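Please read through the structure below; I'll follow up with questions.
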Amino acid sequence: MEIDPAQYDNRVEGGLYDDVVRQLMALPKGMSLGDATYKDDFIRESNVNTGNFAYKCRDNGAEYETVLVGEILPRPCGTKFSAIGNHYLGTANTPNIIDDKTRVKGVFTLGQPTQATEMIYVTFGNQIATLDDIIQSDMEELKRQNKDMNVKEWTAHAGTDQTGMPEYIIVNTEQLYAVPKGTQQAVQGKRARVTKKTINDTSEHGEGKAAKNNSVARGSKDNTQETEITTNTFYDPTVLPDYGGDLFQHINAKLRQLDIRNVENELIPPQNWYTSLKRGTLVMIRATLHAFNWKERRVYQLNGHTIRVLDDSKLEVEPLSSQPNGFDIGGSSSTSNSWVSDAMANVQLGKRGRQE
């Protein structure tokens, strides 16, 4: 990634980075990932039915939600934010289509912010340390149980040497596609009963025209409401420029409005996702922690529920892949209504940027 250090001159002591760190430090104890301590602030809980792990607040048993920061890294580092996301394409002979039941998530690889101050450098390193504490504790447990598992961590190394400290944090988004609840109910034959209304004969008073005008007014109001973006908004998936081709076989599923927000804490519509969340963007993420167990395999996963841009990137958007959409491939906390989400919304960002 070609970076001109002069573009980050404002990342200095007392600048944007340190403002963000100070506000992370002001959050309740254990909310910031770098400030949290495994087994003191949050603990592991095993699902008796699936064997998967969830992570709960030690004091009240609620699902543990944390806040972390980092800089979005380019695709070669593992970022997969596209119409296909983390979906496995399969092979040319046995392609894996994406239909209404397919779970597709985006993936962001976060790295140490460019030209980091000491405060942000330590903060990012502490985030990795917290995640690594969980891994190391589980590895010791497996050793005592004399079990051998293939583990995929929620951190990654920059190169092939896996012996040193990880440099990257991997975060998954929520599902990109879903069948809207109303559509789902209609498909299942469920819908609200149509009720009859009483007709009031007002023709003698000349009120018929007024009623018609009121109907038009209501229609205009409804149209205005439809354009208001919320996390319950759905879109035609084709608003994503790389959506299309035989791979996608959605019938009722639509593209979801993820809780992705700009510097002003306003929702970013999907048509602007790729330009708003490109490499070099500084983000803050509200996430939950999970571990999935299948026989001899364990996958640790950070699920990002709110992604907030702290500072835009002026780097170019990476070119979209030329062949991801066809078969020619060559061989719940899910809601944003939480105290952690509220804490993120209260992060105050001044006008100063990184002057990229």
Side-chain angles (χ1 to χ4, degrees), residues 33 36 38-39 42-57 63-68 70 72-73 75-82 84-91 94 96 98 101-111 127-178 256 258 283 285-307 332-334:
L33 183 61
Y38 181 47
K39 296 184 179 178
F42 64 98
I43 57 176
R44 190 187 79 184
E45 183 176 281
S46 181
N47 186 305
V48 294
N49 296 316
T50 64
N52 297 331
F53 300 153
Y55 296 85
K56 307 285 186 176
C57 296
E63 182 171 32
Y64 176 64
E65 293 185 322
T66 188
V67 175
L68 64 152
I72 296 177
L73 297 178
R75 290 180 192 147
C77 296
T79 293
K80 299 176 182 177
F81 193 50
S82 64
I84 291 174
N86 65 348
H87 179 70
Y88 172 61
L89 295 176
T91 67
T94 56
N96 253 346
I98 297 177
K101 296 182 179 180
T102 308
R103 297 172 62 89
V104 179
K105 294 183 177 184
V107 179
F108 287 107
T109 301
L110 303 183
Q127 292 175 162
I128 289 180
T130 299
L131 297 173
D132 191 58
D133 282 345
I134 301 171
I135 301 292
Q136 295 303 324
S137 177
D138 286 357
M139 292 301 101
E140 292 173 1
E141 179 183 65
L142 291 173
K143 187 176 181 180
R144 290 193 300 269
Q145 297 172 347
N146 198 27
K147 290 184 178 180
D148 186 20
M149 297 189 75
N150 181 11
V151 173
K152 181 180 179 181
E153 302 183 18
W154 35 34
T155 56
H157 293 78
T160 57
D161 184 4
Q162 304 291 306
T163 58
M165 186 181 81
E167 293 102 326
Y168 303 156
I169 298 175
I170 311 299
V171 181
N172 288 258
T173 69
E174 294 186 348
Q175 290 189 61
L176 298 181
Y177 309 103
R256 300 177 57 215
L258 301 184
V283 294
I285 298 179
R286 174 179 68 93
T288 52
L289 285 64
H290 308 268
F292 304 97
N293 296 302
W294 298 278
K295 295 183 179 180
E296 298 179 354
R297 179 171 170 78
R298 177 175 297 170
V299 175
Y300 292 90
Q301 190 172 104
L302 275 166
N303 285 343
H305 303 291
T306 300
I307 301 174
S332 284
S333 75
S334 62

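One-based numbering along the sequence shown. Since the structure is predicted, the reported quantities are computational estimates derived from the model, not experimental observations.
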Distance from Arg103 atom CZ to Gln175 atom CD, nearest 0.5 Å?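 Atom-to-atom, Arg103:CZ and Gln175:CD are 4.0 Å apart.
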Only counting residues at least two apart or in another chain, list the ones meeting side chain to side chain donor-acceptor pair (under 3.5 Å) with Lys56.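 Testing Lys56 for side chain to side chain donor-acceptor pair (under 3.5 Å), a comparison that skips the adjacent residues, returns none.
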Are the side chain of Asn96 and the backbone N or O of Tyr88 linked by a donor-acceptor pair below 3.5 Å?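 Such a contact is found between Asn96 side chain and Tyr88 backbone.
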Answer yes or no: is there a side-chain heavy-atom contact under 4.5 Å between Val171 and Val283?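 SC-SC contact between Val171 and Val283 ruled out.
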With sequence neighbours excluded, tell me which residues meet side-chain contact (heavy atoms from CB on, under 4.5 Å) with Ala156.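 Ala156: side-chain contact (heavy atoms from CB on, under 4.5 Å) contacts with Tyr168, Ile170.
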Can you list everything that forms a side chain to side chain donor-acceptor pair (under 3.5 Å) with Thr102? Sequence neighbours excluded, please.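 Side chain to side chain donor-acceptor pair (under 3.5 Å) check on Thr102 returns Asp99.
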Would you please name every residue forming a side-chain contact (heavy atoms from CB on, under 4.5 Å) with Ser82, sequence neighbours left out?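 Partners of Ser82 under the side-chain contact (heavy atoms from CB on, under 4.5 Å) test: Ile84, Asp242, Tyr274.
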Point-to-point distance, once rounded to the nearest 0.5 Å, from OG1 of Thr109 to NZ of Lys80: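 The distance works out to 8.5 Å.
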Partners passing side-chain contact (heavy atoms from CB on, under 4.5 Å) against Glu167 (at least two apart in sequence or in another chain):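 His157, Ala158.
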For the pair Asn303 and Lys105, evaluate side chain to side chain contact (heavy atoms under 4.5 Å, CB included) and give the outcome as yes or no after the intermediate values. CA-CA 10 Å; Asn303 285 343; Lys105 294 183 177 184; 3.4 Å; yes
Within the 4.5 Å heavy-atom criterion, are Phe108 and Thr173 side-chain neighbours or not?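 Of all side-chain heavy-atom pairs linking Thr173 with Phe108, at least one is under 4.5 Å.
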Do you know which of Leu73, Leu302, Ile285 makes side chain to side chain contact (heavy atoms under 4.5 Å, CB included) with Ile169?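 The side chain to side chain contact (heavy atoms under 4.5 Å, CB included) with Ile169 is passed solely by Leu302 among Leu73, Leu302, Ile285.
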Chi angles and distances behind the side chain to side chain contact (heavy atoms under 4.5 Å, CB included) call for Phe81, Ile72: CA-CA 11 Å; Phe81 193 50; Ile72 296 177; over 6 Å; no
Side-chain contact test, heavy atoms from C-beta onward, threshold under 4.5 Å: evaluate it for Leu33 versus Leu131 and give yes or no.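 In short, these two side chains touch, coming nearer than 4.5 Å.
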Please, which pairs that meet salt bridge (Lys or Arg N to Asp or Glu O under 4.0 Å) have at least one residue in residues 293-303, sequence neighbours excluded?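 Sorted pair list: Asp138-Arg298.
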What donor-acceptor contacts under 3.5 angstrom involve side-chain atoms of residues 45-52, with partners at least two apart or in another chain?
| from | atom 1 | to | atom 2 | distance (Å) |
| --- | --- | --- | --- | --- |
| Asn47 | OD1 | Asn49 | N | 2.7 |
| Asn47 | OD1 | Thr50 | N | 3.1 |
| Thr50 | OG1 | Asn52 | N | 3.2 |
| Thr50 | OG1 | Asn52 | ND2 | 3.4 |
| Asn52 | OD1 | Asn293 | N | 2.9 |

Roughly how far apart are His290 NE2 and Phe53 CZ, rounded to 0.5 Å?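 Rounded to the nearest 0.5 Å, the NE2-CZ separation comes out at 13.5 Å.
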The criterion is side chain to side chain donor-acceptor pair (under 3.5 Å); which residues satisfy it with Thr160, sequence neighbours excluded?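 Counting only residues at least two positions away or on another chain, Thr160 forms no side chain to side chain donor-acceptor pair (under 3.5 Å).
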If the condition is ring pair (Phe, Tyr, Trp, His ring centres under 6.0 Å), which residues does Tyr300 pass it with, not counting sequence neighbours?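 Once residues adjacent in sequence are excluded, the partners of Tyr300 under the ring pair (Phe, Tyr, Trp, His ring centres under 6.0 Å) criterion are Trp154.
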List for me each residue that meets side-chain contact (heavy atoms from CB on, under 4.5 Å) alongside Ala178, sequence neighbours excluded, and say none if there are none.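 Expected list: Phe234, Arg256.
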If the condition is ring pair (Phe, Tyr, Trp, His ring centres under 6.0 Å), which residues does Phe42 pass it with, not counting sequence neighbours?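 Scan of Phe42 (ring pair (Phe, Tyr, Trp, His ring centres under 6.0 Å), adjacent residues dropped) gives Tyr38, Tyr64.
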Could you pull out all donor-acceptor pairs under 3.5 Å where a side-chain atom in residues 140-153 meets a protein atom, sequence neighbours excluded?
| from | atom 1 | to | atom 2 | distance (Å) |
| --- | --- | --- | --- | --- |
| Glu141 | OE1 | Arg44 | NH1 | 3.1 |
| Glu141 | OE1 | Arg44 | NH2 | 3.3 |
| Glu141 | OE2 | Arg44 | NH2 | 3.1 |
| Glu153 | OE1 | Thr155 | OG1 | 3.3 |

Any idea which heavy atoms bring Glu65 and Thr288 closest together, and the distance?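 Nearest heavy atoms, Glu65 then Thr288: CG-CG2, 3.7 Å.
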